Amino acid sequence: MGAPSALALLLLSACCGTPGWANLSQEGYWQEQDLELGTLAPLDEAISSTLWSTPDMLVSQDSQPWTSDETVVAGGMVKLRCQVKDHEDSSLQWSNPAQQTLYFGEKRALRDNRIQLVKSTPHELSISISNVALADEGEYTCSIFTMPVRTAKSLITVLGIPQKPIITGYKSPLREKDTTTLHCQSSGSKPAAQLTWRKGDQELNGEPTRIQEDSNGKTFTVSSSVTFTVTREDDGTDITCSVNHESLDGADRSTSQRIEVLYTPTAKIRPDPPHPREGQKLLLHCEGRGNPVPQKYMWEKEGSGPPLKITQESALIFPFLNKSDSGTYGCTAISNLGSYKAYYTLNVNDPSPVPSSTSTYHAIIGGIVAFIVFLLLILFIFLGHYLIRHKGTYLTHEAKGSDDAPDADTAIINAEGGQSGGDDKKEYFI
């Protein structure tokens with residue numbers, strides 16, 4: 001550093017125009033005359049704070065290391081990779097946010113078994129950190145000891161995983177048309193998570209997510225509330241609070257609360273069979289629905305006196321239907337919360353004709369016979385056609401074989417077996 005120091009003094013003297021403005025001491029320090037005695041500063045420090053353009057102090061950009069920022073989920077593993085093109089016979093070094101050296105080349109400097117060497121060459125130094133904690137977040141430095149020392153920064157961001165949400169505020173049971181408010185809370189997220197609500201498959205509009213910093217100063221607790229009015233269709237429905245956070249990578253993290261809704265009963269009457277006829281057995285089922293479930297059913301027929309039946313059974317049975325059973329029937333389903341009456345009009349139809357086994361047998365036999373006759377008719381038609389064609393062919397061949405035949409196209413054959421002229425001849429044209 002001697003030559004650069006002398007050059008610096010010369011430039012300083014030329015700039016100020018006063019040769020005695022600064023003097024070089026034997027220890028390599030410079031001293032300004034106006035300063036108090038003993039306030040010295042290193043000359044090399046002064047030079048490093050000034051921009052010099054001497055050729056031997058210019059450092060190639062190829063010796064500048066580079067790295068990249070990383071994001072990791074708490075508990076996961078992160079890899080830090082530092083590379084340089086021109087190492088200038090120097091080694092690469094990784095240090096943590098507290099400026100503690102982790103690795104100098106392939107040599108471990110910090111005793112932390114979570115930190116392992118991945119690759120060490122003159123052009124690259126890569127390390128890995130497993131089981132990453134929130135405390136590991138910060139700016140890591142890769143250095144190469146050239147002149148001057150070159151560094152590159154890598155920011156590690158650690159994502160805090162939100163805890164499973166907790167739902168509070170449910171008071172069971174609810175009555176139909178009641179209004180209820182549920183609260184949801186989740187801790188440990190970083191950055192702060194978002195909460196959403198669903199009722200079954202339907203989205204609920206809850207309050208905006210509230211954010212509160214945890215005591216560790218790194219993670220957050222989020223909370224939300226939802227208020228809604230319940231109906232009888234909500235009985236047995238799940239109210240779900242879900243956490244949305246980038247650390248979950250699309251995985252579901254939610255909690256559900258199944259709600260119970262009390263409501264008055266309803267009922268409807270279902271006949272079995274659906275279209276009853278005289279002489280059949282009929283069951284009228286009174287299908288009651290409610291919470292609590294109807295415990296008692298009362299059957300009545302309009303125009304008759306006292307109830308036909310009061311029982312825990314929901315069916316009214318007719319062992320053998322008569323025309324006189326026609327009429328309007330009512331079923332009242334009764335529970336602790338109230339009652340509901342359903343109606344059904346019974347029309348007894350005439351008995352359906354029962355086909356006799358003898359007529360059925362005759363119909364089957366008749367169908368088979370008709371089919372056989374049809375097949376025989378088809379067979380006779382084809383056979384007759386076949387015989388006619390082959391008979392004509394036989395006569396033609398016989399006429400061509402006779403020596404007395406006048407020509408090849410006409411055969412004259414005597415009806416008695418001999419030749420003759422006049423009206424006794426028959427001609428066959430083929």
Side-chain angles (χ1 to χ4, degrees), residues 68-80 96-98 100 102 110 112-116 127-140 153-174 178-230 234 236-261:
S68 60
D69 295 340
E70 304 292 338
T71 300
V72 60
V73 177
M77 186 192 75
V78 64
K79 180 179 177 182
L80 298 178
N96 63 15
Q100 296 173 310
L102 303 179
L110 186 66
D112 189 341
N113 292 330
R114 300 179 307 133
I115 305 174
Q116 296 293 328
I127 62 174
S128 65
I129 306 175
S130 59
N131 195 21
V132 176
L134 292 172
D136 294 323
E137 184 174 83
E139 203 170 55
Y140 288 70
K153 303 291 185 179
S154 175
L155 177 63
I156 293 183
T157 301
V158 182
L159 303 178
I161 303 175
Q163 298 178 3
K164 187 179 179 67
I166 300 173
I167 296 178
T168 58
Y170 175 63
K171 297 177 181 179
S172 177
L174 300 169
D178 280 354
T179 298
T180 186
T181 300
L182 300 180
H183 309 280
C184 180
Q185 180 175 294
S186 174
S187 302
S189 59
K190 177 182 174 297
Q194 293 294 318
L195 300 176
T196 58
W197 291 93
R198 293 194 320 272
K199 181 173 67 174
D201 295 331
Q202 176 186 359
E203 183 176 351
L204 283 177
N205 294 323
E207 297 178 358
T209 302
R210 298 181 295 274
I211 302 172
Q212 181 179 356
E213 189 177 59
D214 294 335
S215 58
N216 59 18
K218 293 181 178 294
T219 59
F220 299 89
T221 295
V222 293
S223 59
S224 178
S225 300
V226 64
T227 301
F228 58 97
T229 301
V230 298
D234 295 330
T237 300
D238 288 333
I239 307 299
T240 304
C241 175
S242 300
V243 180
N244 298 323
H245 195 262
E246 54 186 305
S247 67
L248 300 176
D249 194 23
D252 178 67
R253 178 151 296 187
S254 59
T255 298
S256 296
Q257 174 65 63
R258 181 160 295 181
I259 61 174
E260 180 185 6
V261 181

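It should be emphasised that the depicted structure is a prediction, and the values quoted were computed from it without experimental measurement. The chain is numbered in sequence order, starting from 1.
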Just wondering, do [Y] and [X] contact through their side chains at under 4.5 Å, heavy atoms?
X	Y	value
Ser225	Arg210	yes
Ile167	Ile239	no
Tyr140	Ile127	no
Leu80	Ile156	yes
Asp69	Thr157	no
Tyr170	Arg258	no
Asp252	Ser242	yes

Just verifying a value: how many Å separate [X] [atom1] and [Y] [atom2], rounded to the nearest 0.5 Å?
X	Y	atom1	atom2	result
Asn131	Arg114	CG	CZ	6.5 Å
Ile129	Lys79	CD1	NZ	13.0 Å
Thr168	Leu182	OG1	CG	8.0 Å
Asn244	Arg253	CG	CZ	12.0 Å

Atom [atom1] of residue position [X] - does it have more than 12 heavy atoms of other residues, nucleotides or ligands inside 6.0 Å?
X	atom1	value
Ile166	CD1	no
Lys171	NZ	no
Glu139	CD	yes

What's the shortest heavy-atom distance between [X] and [Y], and which atoms?
X	Y	value
Val243	Ala193	CG1-CB, 3.6 Å
Val158	Lys190	O-NZ, 2.9 Å
Ser247	Leu159	CB-CB, 4.0 Å
Ala192	Ser189	CA-OG, 3.6 Å
Leu195	Cys241	CD2-SG, 4.2 Å
His183	Trp197	C-CH2, 3.9 Å

Taking 4.0 angstrom as the limit, do Glu137 and Lys218 come out as a salt bridge? no

Can any side-chain N or O of [X] pair as donor or acceptor with the backbone N or O of [Y] at less than 3.5 Å?
X	Y	result
Asp214	Asn216	no
Ser186	Gln163	yes
Ser224	Glu207	yes
His245	Pro191	yes

Residue among Thr179, Thr180, Thr181 satisfying side chain to side chain donor-acceptor pair (under 3.5 Å) with Thr227: Thr181

With side-chain hydrogen bond (donor to acceptor under 3.5 Å, both in side chains) as the test, would you mind laying out the steps for Thr255 and Gln257 before giving the verdict? CA-CA 7 Å; Thr255 298; Gln257 174 65 63; over 6 Å; no

Might you work through the side-chain hydrogen bond (donor to acceptor under 3.5 Å, both in side chains) test for Thr240 and Asp238, ending with a clear yes or no? CA-CA 6 Å; Thr240 304; Asp238 288 333; 5.8 Å; no

